[in-house]
Amino acid sequence: MSQKWKAAITARRRQRKCTQGWRQTRVITSAQQPFVCVDGDWVTNFSSNDYLGLAADPRVAESIANNISEWGNGSAASHMVTGHSELHCRLAKRLASWVGAQSALLFSTGYMANLAVNTALFEKRDLLVHDKLNHASLIDGARLSAGKLRRFAHLNVEHARQIILKEDFDRFAIFVDGVFSMDGDCAPLDELATITDRLDGLLIVDDAHGLGVTGKLGAGSLSSFGFKPAGSKLMVGTLGKALGGFGAFVAGDEEYIEELAQSARSYIYTTAMSNAAAIGNLAALDIIESDGEQRIAKLQQNIRQFRRGCEQNNIPISKSETAIQPIVLGNANLALELSSLLFDRGMLVSAIRAPTVMVGTERLRITITAAHTEAQVTALIEALSESLALLELTPKSATA
């Protein structure tokens with residue numbers, strides 16, 4: 001190994017460990033269910049984004065098993081070459097119909113979809129206005145864009161409006177998460193849509209954590225406000241969270257989707273979603289159509305139980321009403337220590353540190369799913385109360 005590179009990497013490694021920024025990958029040796037085996041220990045998983053409990057649903061597995069011999073596993077090429085199959089066509093049409101869009105374009109990951117909407121539509125004199133806490137993939141896409149990036153204070157609609165009024169540009173778009181992945185709060189899409197409609201702009205919503213659990217039959221955050229991905233609105237949805245599968249899509253009017261297909265490098269120059277993933281995603285959509293309302297209702301019931309229990313036990317939670325329930329500790333060491341104490345009590349809750357969140361806002365990111373039982377949620381509340389007491393943390397020292 002090059003000595004200069006070795007020295008640089010060693011220094012970076014040392015710095016990460018000194019600042020509690022070193023990450024280790026856990027090995028799961030079971031299916032992704034509420035009760036998982038982590039490095040040999042069975043624990044209740046409160047870190048998963050499998051909000052509807054579909055990742056290990058036997059009906060999805062059965063559908064893949066029944067169809068994999070006909071279609072094979074891989075798509076074998078990019079969409080534009082030979083990778084786009086009838087499965088992909090069906091999936092794109094189903095997704096568009098679900099969220100109420102004219103058309104949808106499939107991507108291999110949500111990261112690639114967010115790169116596409118930031119880079120493919122914009123030119124040098126265009127303006128990209130991003131919420132300061134948008135997902136990293138949105139910000140990375142904006143940095144790669146030919147357009148000019150400006151960021152507004154989190155959920156501050158007036159700040160976004162002032163940026164647009166101040167800047168000189170040809171076209172503009174506001175980018176925002178529908179549900180923010182670390183805080184669980186929701187964007188005021190009605191107010192932002194008013195700005196884009198009045199000033200002839202685009203509203204682009206990354207709904208990775210809203211799709212499947214918000215809106216009519218899980219159609220997403222836009223649906224919660226009575227909107228669709230239509231006209232001046234585009235939506236990015238991911239299939240690896242509430243749908244429990246893999247992949248992503250962008251939904252909107254036909255003209256926007258065709259332009260992305262023609263010019264988005266993260267669509268054109270990569271292998272299409274595997275056939276196995278497409279089969280699984282289609283099966284998950286079938287389940288959502290048949291019992292999605294019941295699953296969403298169970299998720300909301302579990303969220304209410306968790307929040308009520310935390311309030312009764314003086315556990316400092318945020319104002320989030322979504323499946324993402326952070327406990328902000330403001331210290332990386334405390335976050336890691338609390339996560340470790342919970343693991344010892346049979347609970348998997350990940351500590352989130354910089355750079356994923358800002359220094360001083362380190363936290364536990366608790367995620368509730370429809371698959372959790374009432375007993376499991378109760379056990380989590382008890383484990384949190386006991387662990388916070390051991391660390392001598394109170395609502396004054398751990399803030400939501």
Check against salt bridge (charged side-chain N to carboxylate O under 4.0 Å, His left out), E158 and R161:
CA-CA 5 Å; E158 179 57 23; R161 191 177 74 87; 3.0 Å; yes

Using a 3.5 Å distance criterion without hydrogens, assess whether the side chain of [X] forms a donor-acceptor pair with backbone atoms of [Y].
X: N66; Y: E62; value: yes
X: Q300; Y: A297; value: no
X: W98; Y: L217; value: yes
X: R365; Y: F46; value: no
X: N281; Y: G247; value: no
X: S223; Y: A219; value: no
X: S385; Y: I381; value: no
X: E362; Y: G360; value: yes

Regarding [X] and [Y], do their side chains bring together a donor and an acceptor under 3.5 Å, going by distance alone?
X: T378; Y: Q305; result: yes
X: S318; Y: S320; result: no
X: N302; Y: H372; result: no

Side chains of [X] and [Y]: closer than 4.5 Å at any heavy-atom pair?
X: M182; Y: T356; value: yes
X: L52; Y: T369; value: no
X: S103; Y: Y256; value: no
X: R363; Y: D183; value: yes
X: I366; Y: L384; value: yes
X: Q102; Y: K228; value: no
X: D126; Y: F172; value: no
X: D207; Y: S221; value: yes

Under the side chain to side chain contact (heavy atoms under 4.5 Å, CB included) test against Y51, which residue among I296, T322, I324 passes?
I324

With L388 as reference, evaluate L342, L341, L338 under the side chain to side chain contact (heavy atoms under 4.5 Å, CB included) test and give the passing residue.
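Of L342, L341, L338, side chain to side chain contact (heavy atoms under 4.5 Å, CB included) with L388 is met by L338 alone.
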
Nearest atoms (heavy-atom pairs only) where [X] meets [Y]:
X: H88; Y: G83; result: CE1-O, 3.3 Å
X: I204; Y: A173; result: CD1-CB, 4.2 Å
X: A193; Y: T196; result: O-OG1, 3.1 Å
X: I164; Y: F169; result: O-CE2, 3.2 Å
X: V236; Y: V117; result: CG2-CG1, 4.1 Å
X: L348; Y: S47; result: O-OG, 3.2 Å

Grouping I, L, V, M, F, W and Y whenever their side-chain heavy atoms are under 4.5 Å apart, do [X] and [Y] come out in a common cluster?
X: L144; Y: Y269; answer: no
X: F227; Y: I195; answer: yes
X: L243; Y: L91; answer: yes
X: L282; Y: I288; answer: yes
X: M273; Y: I279; answer: yes

Verify side chain to side chain contact (heavy atoms under 4.5 Å, CB included) between R150 and L128, making sure each step is shown before the conclusion.
CA-CA 6 Å; R150 292 290 182 267; L128 292 76; over 6 Å; no

Less than 4.0 Å between a side-chain N and a carboxylate O, is that true for D291 and K298?
no

Could you walk me through whether K233 and D253 pass salt bridge (charged side-chain N to carboxylate O under 4.0 Å, His left out), step by step?
CA-CA 8 Å; K233 302 170 188 67; D253 285 354; over 6 Å; no

Test side chain to side chain contact (heavy atoms under 4.5 Å, CB included) applied to S78 and T270, step by step
CA-CA 5 Å; S78 68; T270 193; 6.0 Å; no

Does Y267 have its ring centroid less than 6.0 Å away from the ring centroid of H79?
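Under 6.0 Å, so yes.
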
Answer yes if the ring centres of F122 and F175 are under 6.0 angstrom apart, and no otherwise.
yes

CD (Q312) and CZ (R307) are apart, to the nearest 0.5 Å, by 12.5 Å

Test log, rule side chain to side chain contact (heavy atoms under 4.5 Å, CB included), inputs D177 and L138:
CA-CA 9 Å; D177 286 9; L138 278 176; 3.4 Å; yes

Walk me through whether K148 and E123 qualify under salt bridge (charged side-chain N to carboxylate O under 4.0 Å, His left out).
CA-CA 9 Å; K148 179 165 55 175; E123 298 176 343; over 6 Å; no

Carefully, step by step, assess T367 and Q325 under the rule side chain to side chain contact (heavy atoms under 4.5 Å, CB included).
CA-CA 6 Å; T367 50; Q325 295 289 320; over 6 Å; no

Reference residue F180; test ring pair (Phe, Tyr, Trp, His ring centres under 6.0 Å); the match among H209, H154, H135:
H154

Qualifying residue for side chain to side chain donor-acceptor pair (under 3.5 Å) with S137, from N114, T109, T238, N118
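Among N114, T109, T238, N118, the one that satisfies the side chain to side chain donor-acceptor pair (under 3.5 Å) with S137 is N114.
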
Walk me through it: do R295 and D57 pass the test salt bridge (charged side-chain N to carboxylate O under 4.0 Å, His left out)?
CA-CA 13 Å; R295 286 174 182 254; D57 191 290; 3.0 Å; yes

